[in-house]
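Have a look at the structure below before the remarks.
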Protein chains: 2
Amino acid sequence: MVIEGLKTLLSDDKRVLIKNQFMNGTDTLTYLEKNSADIVLLDVNLPDINGVEMVPKILNIKSNIGIIGLSTYSEPSIINQMIKKGVKGYLLKNVTGEELVDAITQVHQGDFYFSSEIQKILADSVTQESGDLPKLTRREKHILTLIAEGKTTNKIAEELFISPLTVETHRRNLMQKLEVSNAASLIKVAIEKHLI
Amino acid sequence: MVIEGLKTLLSDDKRVLIKNQFMNGTDTLTYLEKNSADIVLLDVNLPDINGVEMVPKILNIKSNIGIIGLSTYSEPSIINQMIKKGVKGYLLKNVTGEELVDAITQVHQGDFYFSSEIQKILADSVTQESGDLPKLTRREKHILTLIAEGKTTNKIAEELFISPLTVETHRRNLMQKLEVSNAASLIKVAIEKHLI
DNA sequence: TGATAACTACCGGTAAATCGGTATTGCTTA
DNA sequence: TAAGCAATACCGATTTACCGGTAGTTATCA
């Protein structure tokens, strides 16, 4: 449905030629390995591969492809991640045909393009400082999920064959990194920041 | 974009006439108050009004309108809620034109229509028994959010001008209702069940 | 190969949460 | 209006979490 919408919005404009379209990530990647494209309009919600992960995969195949992210929603953290991975533009699906063509031409010229809504979201996320994901280690992530499952320090220690004291240390580091002071809010912000 | 996609998918079929389309809930409701329609294709993610809340609002205006829910994603709880509110069908946005027309005609005849993917999700949710939302009282919900904010029992008691012992009772009732044994997992399942 | 990060571990102490059981009061509604 | 639920509250006891500080051993990667 979204693809049909895209095609309709772009069909009026002769500056844009739609070469192909796919419903999932893997098909897209195999196509791009054998064929060329200037711009990829990339939906963030794909059935097989995460949109964020798609970006480096595409750029590995051909680094000069301009990728424009596309999503219904607007979570700052996702947009931030996409930009870090190398998208050149980002739009919401309520975009007009005009804006869509603008975005494509701008990105094709080597510029960036973010719709006004996205710019607002990015600006907000900078002021709120909510976009910065703390870096958790593998062990910390693991223990985080076990805490979320309701397991106590002792249970976790048993499960990982380490000392409860060690688990407590990880626990404290987690809370420090996420700037909270107990497990309840730890889980809440971990989920908000998509760390779980 | 989605609307354009819909229009394209439906334009081939002469059984369906698109009367109007809107980008938000309020415009839709004001239109429906003065005009008629057989079927409403309702996106769950609207900028102003929650899709679930839209359903009773629409049915209050004209109870014989057939509503078909539409979303990119597929969270069982949302689909369940929509059905409870009275939608007659539910589709994902990767639906084909053919299936879309099928759904519309079936619902127009008074039948239900759920795409195979949705049926699978519903079946899974029944077996996993994850769809049953425990009923929390107003006070419990409030305290739940305060716990999620990392506040301790004492802080919450101060804030609500009640005894810490009372807060503790609410806490225990919350944990019992959500079938968990500590605050961390309480928050996790509360978020999973969209109670926060 | 040397520095940095990750993982491990400990002590002592305080604060908070959890458990089990009980009970009164007010509101709501069948 | 009686039953049921919601909100309030308490006691005693145990467990778990949280804080501050410290430190040795492995990876790992530049």
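Chain letters run A, B, ... following the sequence lines, proteins first and then strands; every chain starts at 1. Please read these numbers as outputs of a predicted model, since none were measured by experiment. Worth knowing before you read on, the calculation uses all heavy atoms, side chains too, and leaves out hydrogens, waters and symmetry mates.
Distance check: A:S115 OG to A:I68 CD1 gives 11.0 Å after rounding to the nearest 0.5 Å. Atoms CG and NZ, on A:L136 and A:K193 in that order, are 10.5 Å from each other to the nearest 0.5 Å.
Looking at residues two or more places apart in sequence or on another chain, you find no salt bridge (charged side-chain N to carboxylate O under 4.0 Å, His left out) involving B:K88. By the salt bridge (charged side-chain N to carboxylate O under 4.0 Å, His left out) test, B:E117 is found to be paired with no residue, residues two or more places apart in sequence or in another chain being considered. Residues passing the side chain to side chain donor-acceptor pair (under 3.5 Å) test with A:H194 are A:E75, sequence neighbours excluded.
Each end of the helix from C:dT1-D:dA30 to C:dA30-D:dT1 gets its own axis, taken as the rotation carrying the C1' atoms of four end pairs onto the next four within a five-pair window, and the two axes meet at 70° to the nearest 10 degrees.
Nucleotide C:dA6 holds its P atom 20 Å from the CZ atom of A:R171, rounded to whole Å. One interatomic measurement links the two molecules: NE2 of A:H142 to C1' of C:dC7, which rounds to 14 Å at whole-angstrom precision. Going from atom CD1 of B:I187 over to atom P of C:dT18 covers 10 Å, rounded to whole Å. A:L174 has its CG atom 13 Å from the P atom of C:dT8, to the nearest Å. When rounded to the nearest whole Å, the span between CG of A:N173 and C1' of C:dA5 equals 12 Å.
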Atom pairs, N/O to N/O, protein against nucleotides 25-30 of chain C, distance under 3.5 Å?
none

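Shown for residues 143-166 of chain B: residues whose heavy atoms fall under 4.0 angstrom of DNA chain D, namely B:I162, B:S163, B:L165, B:T166.
Looking only at distances, no side-chain donor or acceptor of B:N24 sits under 3.5 Å from a matching main-chain atom of B:D48. Not a single donor-acceptor pair under 3.5 Å links the side chain of A:E140 to the backbone N or O of A:L174. Between the A:N173 side chain and the A:Q176 main chain, no donor and acceptor come within less than 3.5 Å of each other. Between the B:Q106 side chain and the B:D111 main chain, no donor and acceptor come within less than 3.5 Å of each other. Under a 3.5 Å cut-off, the side chain of A:K177 and the backbone N or O of A:K135 do form a donor-acceptor pair.
Contact between the side-chain N/O atoms of A:H170 and the OP1/OP2 oxygens of C:dC7 is not found at any separation under 4.0 Å.
Protein chain B touches strand DNA chain D; the 5'-most and 3'-most nucleotides with an atom under 4.0 angstrom of its non-hydrogen atoms are D:dA6 to D:dC10.
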Listing, residues 29-39 of chain A side-chain donor-acceptor contacts under 3.5 Å, not counting sequence neighbours, or none:
{"unit_1": "A:T30", "atom_1": "OG1", "unit_2": "A:T26", "atom_2": "O", "d": "3.2"}
{"unit_1": "A:T30", "atom_1": "OG1", "unit_2": "A:D27", "atom_2": "O", "d": "2.9"}
{"unit_1": "A:S36", "atom_1": "OG", "unit_2": "A:K19", "atom_2": "NZ", "d": "3.4"}

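Taking Ile, Leu, Val, Met, Phe, Trp and Tyr as hydrophobic and joining them when side-chain heavy atoms fall under 4.5 Å apart, one finds B:I3 in a cluster with B:M23.
Mapping A:A183 and B:L136 onto DNA chain D via the closest heavy atom, the residue that lands nearer the 5' end is B:L136.
Applying the side-chain hydrogen bond (donor to acceptor under 3.5 Å, both in side chains) test to every pair with at least one member in residues 1-12 of chain B, sequence neighbours left out, gives these pairs: A:T8-B:T8. Sorted pairs that involve residues 32-53 of chain B and meet ring-ring contact (aromatic ring centres under 6.0 Å, His included), not counting sequence neighbours, are lacking altogether.
Between A:F22 and the options A:T28, A:D43, A:L46, a side-chain contact (heavy atoms from CB on, under 4.5 Å) holds for only A:T28.
Between the side chains of A:R15 and A:T105, no donor-acceptor pair of N or O atoms lies under 3.5 Å.
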Protein-proximity profile, nucleotides 19-24 of chain C, B/S/- by nucleotide at the 4.0 Å heavy-atom cutoff, equals BBB---
